[in-house]
Number of protein chains: 2
Amino acid sequence: MAKEQGVTPQSQDFSEWYIDVIQKAELVDYGPVRGTMVMRPYGYALWENLQRELDRMIKETGHENAYFPLFIPMSFLQKEAEHVEGFAPELAVVTHAGGEELEEPLAVRPTSETVIGYMWSKWISSWRDLPVLMNQWANVVRWEKRPRPFLRTTEFLWQEGHTAHATREEAEEETRRMLGVYAQLARDYAAIPVWEGMKTEKEKFAGAVYTTTIEAMMRDGKALQAGTSHFLGQNFARAFEITFQDQDLEEKYVWTTSWGLSTRMIGAIIMAHGDDQGLILPPRLAPIQVVVVPIYRKNTREVVLEAARELVREIRAAGVRVHLDDRDQYSPGYKFNEWELKGVPLRIEIGPRDVEAGHAVLKSRLGGEKEFIGLRDLPGLLPERLEGFHRALYERALAFREAGVRRVDDYDAFKAQVERGFAAAFHCGEAVCEKAIQEETKATTRLIPFDFPEEEGVCVRCGRPSAYGKRVLFAKAY
Amino acid sequence: MAKEQGVTPQSQDFSEWYIDVIQKAELVDYGPVRGTMVMRPYGYALWENLQRELDRMIKETGHENAYFPLFIPMSFLQKEAEHVEGFAPELAVVTHAGGEELEEPLAVRPTSETVIGYMWSKWISSWRDLPVLMNQWANVVRWEKRPRPFLRTTEFLWQEGHTAHATREEAEEETRRMLGVYAQLARDYAAIPVWEGMKTEKEKFAGAVYTTTIEAMMRDGKALQAGTSHFLGQNFARAFEITFQDQDLEEKYVWTTSWGLSTRMIGAIIMAHGDDQGLILPPRLAPIQVVVVPIYRKNTREVVLEAARELVREIRAAGVRVHLDDRDQYSPGYKFNEWELKGVPLRIEIGPRDVEAGHAVLKSRLGGEKEFIGLRDLPGLLPERLEGFHRALYERALAFREAGVRRVDDYDAFKAQVERGFAAAFHCGEAVCEKAIQEETKATTRLIPFDFPEEEGVCVRCGRPSAYGKRVLFAKAY
């Protein structure tokens with residue numbers, strides 16, 4: 001492998017591996033302002049594919065896209081007490097514009113509950129206006145102390161859904177429905193198994209009644225929160241006077257939800273699947289699903305390239321995202337390494353003898369033997385091979401996750417377990433105890449999974465009775 | 001017509017008409033910060049449709065999407081002298097973030113040449129890296145003194161294309177190619193005829209060698225610049241040291257272009273087509289192409305709604321964006337007015353006697369008789385009717401435009417002409433004279449159209465020889 005293509009092995013330093021792979025695979029680069037990132041075309045294409053699928057799901061569940069302003073008056077953020085407390089330390093503030101100092105400083109949106117609440121108070125007046133089901137694709141800014149591309153960046157891209165309902169039940173249902181959409185996106189498109197569940201009071205969104213979350217396990221055993229859906233109760237409705245006249249003619253506050261999924265999900269894809277050779281991309285989201293690498297010398301160049309081009313046309317006609325790497329200046333070996341680094345699921349090699357024999361070589365990024373497949377059959381075969389790749393990738397991640405989680409009932413075992421993966425343990429529910437665990441082990445409560453069985457026990461750290469009627473998942477987290 | 005549905009007639013006050021129609025049709029609302037706008041779902045859906053078509057065209061011409069940071073160090077903007085002079089008065093500036101004052105204030109991007117130039121200087125090193133063909137969809141901020149929704153807002157959405165080339169010729173070709181894409185979008189999707197041509201030196205983009213533009217005529221005779229494509233020469237390459245080693249082994253500066261089209265285009269669609277009843281939307285971009293309004297009383301409700309639902313299913317299956325307005329609380333007449341206001345191209349009415357007779361009524365937003373069409377034939381007929389609507393809308397706008405432009409050779413006739421439309425006149429090319437015309441008539445040079453014939457003459461204002469070898473189009477402009 002050419003030296004510039006190499007990445008630090010995961011076992012040696014997972015963080016270094018991550019930084020190597022995102023830069024060398026040309027997903028991102030660092031922007032000039034600390035904590036900002038540039039999404040390069042290969043990384044952005046991955047985001048576009050994810051965005052297309054999620055946008056479709058959001059619309060299929062009845063939501064409409066809209067766009068609200070980037071700048072929010074500082075006074076808006078202060079209207080919901082918990083909200084401002086949570087976000088104030090991370091705000092970027094515009095104080096000057098158009099050559100003058102502004103009368104009121106403007107926050108660059110860290111999230112849009114406040115400005116949307118303000119608009120809704122103008123738009124919503126009757127039960128006939130409800131539910132309001134909106135979504136926006138936008139950039140948001142949160143000043144991060146320890147930035148890391150995709151995971152914590154000063155500016156990131158996301159979608160934020162915001163809905164208003166006439167009843168509590170409806171809003172709670174919506175909260176769960178959209179968490180389900182995120183879980184489906186993770187499983188069916190990113191090939192990542194996720195737990196769905198509740199955040200503890202300490203870990204919830206600033207301003208929510210409660211937060212639900214999907215959490216995934218990365219290949220270093222750490223957790224990544226990949227999407228959250230919040231039940232906001234009437235907190236923002238009260239702060240922004242969002243009321244409606246109900247069918248019983250009474251004036252009532254609406255019930256609201258919000259839910260967001262961001263470019264963090266790309267970080268999850270990288271760390272849930274990648275290996276020492278680089279990325280492994282889930283085929284349904286991969287910008288390039290199949291790469292064709294022709295193998296030739298000067299005298300066989302034309303024959304091989306002609307066959308490769310014909311093959312690529314047919315593969316494209318089969319609905320597969322295919323790329324022909326016909327660069328003369330690199331050797332086939334160099335190209336193999338580069339496309340492995342970039343995580344392309346399937347590779348096709350074709351040389352002069354293959355052309356003569358009427359076949360090509362198929363190789364999977366997940367390993368296994370090279371296969372010789374007839375050129376006529378190959379294009380039609382690829383869609384099912386890609387589906388098989390998706391399933392194998394998901395199963396691999398699931399097996400890894402299952403091996404990485406353990407039920408633990410004493411604190412020493414707990415400490416050992418969060419060094420390598422997730423610990424399923426009882427907890428007393430006290431914020432002080434939760435904080436002590438974090439200080440002593442660096443692990444935090446990730447979630448109280450919906451599908452964990454009801455079970456009684458005592459807190460793994462302090463021995464008081466369990467607060468949640470089931471175990472909680474703890475892990476170190478990104 | 002219900003009072004709240006009415007809009008100020010265009011002839012009475014075109015500006016008031018515009019403000020009425022964008023709000024009442026629920027395209028936009030004003031944001032809480034002066035000069036910002038909220039794009040409501042109906043307005044945003046129009047933008048999404050436009051975005052989808054333009055994004056496809058941008059990709060078909062070989063460009064890749066990427067995403068660059070919102071925040072740009074102030075020092076970057078100062079590296080290109082004309083650029084900073086042009087944009088400094090409009091900047092919004094972040095001075096505080098994360099609870100601290102920043103060492104260097106950050107500009108919220110007004111456009112991204114500088115930050116992209118900075119990144120390119122890191123990424124481009126060889127002729128093999130060229131051309132670089134990138135695009136980004138983003139929000140930008142320019143502090144506007146006289147904001148108006150879609151036309152001039154403090155924050156707006158756009159795409160900005162940025163390309164780097166090895167030769168001047170290639171960059172100039174690219175500049176023209178992308179202007180052609182904008183013209184095609186305007187004609188083939190927005191149904192708006194546009195002139196393509198050069199901006200004068202005075203009107204060009206700050207930092208460009210020259211700017212090309214598409215200009216359209218609004219229904220009050222004023223001009224709207226709907227998209228611009230800039231040849232930047234080596235100005236930004238020199239400012240950001242973007243060099244490459246060419247095949248002859250020499251280190252050279254790249255040649256760059258940039259081109260942008262924004263939510264302004266929606267303003268163009270509104271003002272190029274709308275009438276006293278409200279919007280008229282071009283079918284290829286309309287969020288709703290066909291609305292079905294069932295007409296029933298209590299005892300016929302079920303029969304009519306069932307037939308209407310079946311019809312809507314079949315229309316949808318024919319690939320048409322259709323909406324069923326089954327709201328009980330509004331009368332058919334109210335609904336007709338509302339969908340006319342919202343500019344839906346075709347309306348279908350269906351009542352109990354229509355159901356019995358097996359037909360429905362089709363009505364075009366462009367006027368003409370109501371037609372009775374058999375329910376079986378109707379769905380299959382709609383796609384061609386929508387295409388016909390598109391052509392008729394374009395022809396209508398073209399005829400209006402042709403009636404609104406005149407060749408004028410004396411200054412009095414010029415002054416009269418720019419009160420009602422466009423004036424095609426000779427100009428000396430002197431910035432001082434150009435500015436005087438603006439002060440005396442409020443008209444500006446819109447463009448020097450590519451397809452105007454070569455012609456000699458003397459300046460319509462000062463009598464000096466013409467500078468451009470052809471006439472220039474002048475108009476008052478948005």
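Order of the sequence lines fixes the chain letters, A, B, ..., with proteins taken first and strands second; residue numbering starts at 1 for each chain. Not measured: the values here are computed from a predicted model.
Looking at B:Lys59 and A:Glu48, a side-chain N of the basic residue comes within less than 4.0 Å of a carboxylate O on the acidic one, giving a salt bridge.
Contact of B:Leu102 with chain A is made through the side chain alone, with heavy-atom distances under 4.5 Å. Contact annotation for B:Asp328: neither backbone nor side-chain heavy atoms come within less than 4.5 Å of a heavy atom of chain A. In this structure, chain B has a heavy atom under 4.5 Å from the side chain of A:Tyr118, while its backbone stays farther away. In this structure, no portion of B:Val28 lies under 4.5 Å from any heavy atom of chain A. Neither the backbone nor the side chain of B:Arg142 comes within contact range of chain A, judged by heavy atoms closer than 4.5 Å. Contacts of B:Leu91 with chain A are made by backbone atoms alone, with heavy-atom separations under 4.5 Å and no side-chain atom involved.
With rounding to the nearest 0.5 Å, the separation of CD in B:Gln136 from CE in A:Met39 is 11.5 Å. Taking OH of B:Tyr30 as the reference point, atom NZ of A:Lys122 lies at 9.5 Å (rounded to 0.5 Å).
Between the side chain of B:Glu90 and the backbone N or O of A:Gly98, no donor-acceptor pair lies under 3.5 Å.
Ranked by heavy-atom pairs shorter than 4.5 Å toward chain A, the options B:Tyr67, B:Phe68, B:Tyr42, B:Phe71 are led by B:Tyr67. Annotation: maximal heavy-atom pairing with chain B below 4.5 Å, among A:Pro89, A:Gly99, A:Gly31, occurs at A:Pro89.
When only modelled atom types and interatomic distance are considered, B:Trp47 and A:Asn65 share no side-chain donor-acceptor pair under 3.5 Å.
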